[in-house]
Number of protein chains: 2
Amino acid sequence: MEKISETYDTCPSEALNVSAISQSVAHQLRRAHGQFIQRFLHYFSVVNLRPTEYSVLAMIAENPGRKQSEIAAVLGIQRANFVSLMNDLEERCLTERRNVPNDRRSHALYLTPSGESLLNEARRAEADFEADCLERLGGMRARDQFLALLARLFG
Amino acid sequence: MEKISETYDTCPSEALNVSAISQSVAHQLRRAHGQFIQRFLHYFSVVNLRPTEYSVLAMIAENPGRKQSEIAAVLGIQRANFVSLMNDLEERCLTERRNVPNDRRSHALYLTPSGESLLNEARRAEADFEADCLERLGGMRARDQFLALLARLFG
DNA sequence: TATTGTTATACTCTATAACTATA
DNA sequence: TATAGTTATAGAGTATAACAATA
């Protein structure tokens, strides 16, 4: 309960004026991203995966044997930053790097059995997360519309 | 131009399968945020402001004299992280912290004249950025719809 | 020469805990 | 006791430059 006083010397604790930025796509996207991360981590806490890590596992599962740089590129992650990400997933025994027969520069990426197993758990978390989004948005039509608008903006 | 070869030993460089995550709100939001930051920095390079810094300046301009913690809270930034942000803006002579008469714990935030002046430039950058968004989204109706859906998701 | 993976580095943003001085 | 600002620390994410091995 907030304390109400009759007189103010300097700083009345009224609601702040947010009109200038509340209509701003930039500001709302900044705020939304913070919320998104928190909510994602909540749903994915059981598998202990960050958004990026989940995308990597899902992408490797759909495209086993692809090169690091291919997976990185399609996810919009730079090669240099992808290395420590893969090191981490490999240390957790979720993925492995195999040699490519005719190109000794490349590493082909695969999920390990426990990587597959964790991904299955993660997919259930993802389904819950998506169901949450669906409910907040108000149905599949709104969800598709949102994704379509997001794609127009940043696709 | 991509090189096309007739035979593959191991790794045909075909398009990757992205079907599993392309329908995912989580994945699309992750990608969108990266694009958003880059595009924002492009438009705001003339004033050298990050999304967070712009929001802070705009919020102080609309609510001069408010306490650090009030501005931080309304922007969803933690007090602890807000300190270095304000230190930075103050070093750039864009904002100032003044004492509050009846509460020696608090700092009241104000824009300096050069802060006001930079904010005016930033508002032009923001207008350009928003115009870009508007065009990509396909008009004000789509823009309002997008903001409404974003608010449903994370408001 | 170009590509693949890698290392190193730096900066932004976020999260948490704890301190200080005030209230 | 609670609040405002602060300090310190840690981790994710991103950006850039450069290097070795290989193509």
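Here is the naming used below: chain letters follow the sequence lines, and residue numbers restart at 1 for every chain. Note that the coordinates shown come from a computational prediction; the quantities given were computed from them, not determined experimentally.
Annotation for Glu116(A): atom CD counts as buried by contact number, over 12 foreign heavy atoms lying within 6.0 Å. In this structure, Glu121(A) places its CD atom where more than 12 heavy-atom neighbours from other residues, nucleotides or ligands lie under 6.0 Å away.
By the 30° and 60° cut-offs, the orientation of the rings of Phe36(A) relative to His33(A) is tilted.
Summarising the geometry, the separation between NE2 on His107(B) and P on dT22(C) is reported as 10 Å, rounded to the nearest angstrom. As rounded to whole Å, 15 Å separates atom P of dG5(D) from atom CZ of Arg98(B). Residue Phe40(B) contributes atom CZ, which lies 17 Å from atom C1' of dT14(D) at whole-angstrom precision. For the pair Phe36(B) CZ and dT12(C) C1', the computed distance is 13 Å after rounding to whole Å.
Proximity of Gln78(A) to the phosphate of dT14(D): no side-chain N or O atom is located under 4.0 Å from OP1 or OP2. Phosphate proximity of dC13(C) to Thr52(B): present, with a side-chain N or O under 4.0 Å from OP1 or OP2. Phosphate contact (OP1/OP2 of dT6(C), side-chain N/O of Arg97(A), threshold under 4.0 Å): present. An OP1 or OP2 oxygen of dT6(D) is reached within less than 4.0 angstrom by no side-chain nitrogen or oxygen of Ser84(B). An OP1 or OP2 oxygen of dT20(C) is reached within less than 4.0 angstrom by no side-chain nitrogen or oxygen of Arg105(B).
At the heavy-atom level, Gln38(B) lies under 4.0 Å from the strands shown only through sugar-phosphate atoms. Here Arg104(A) lies in heavy-atom contact (under 4.0 Å) with sugar-phosphate atoms only. Using a 4.0 Å heavy-atom cutoff across all strands shown, Asp103(A) reaches sugar-phosphate atoms only and no base atom.
Distances from the side chain of Ile77(A) to the nucleotides dG5(D), dT14(D), dA12(D) place dT14(D) closest. Taking only side-chain atoms of Ala80(A), from C-beta outward, the nucleotide of dT6(C), dA23(C), dT7(D) with the closest atom is dT6(C). Set against dC13(C), dT7(D), dG5(C), the side chain of Val83(A) has dG5(C) as its closest nucleotide.
Using a 4.0 Å cut-off on heavy atoms, none of the residues of residues 21-34 of chain A approach DNA chain C.
Using modelled atom types and a 3.5 Å distance limit, the side chains of Asn87(B) and Ser84(B) yield no donor-acceptor pair.
A salt bridge does not link Arg124(A) to Asp128(A): none of the charged nitrogens lies less than 4.0 Å from a carboxylate oxygen.
Contacts of Gln68(A) classified as side-chain hydrogen bond (donor to acceptor under 3.5 Å, both in side chains), with partners at least two apart in sequence or in another chain: Arg97(A).
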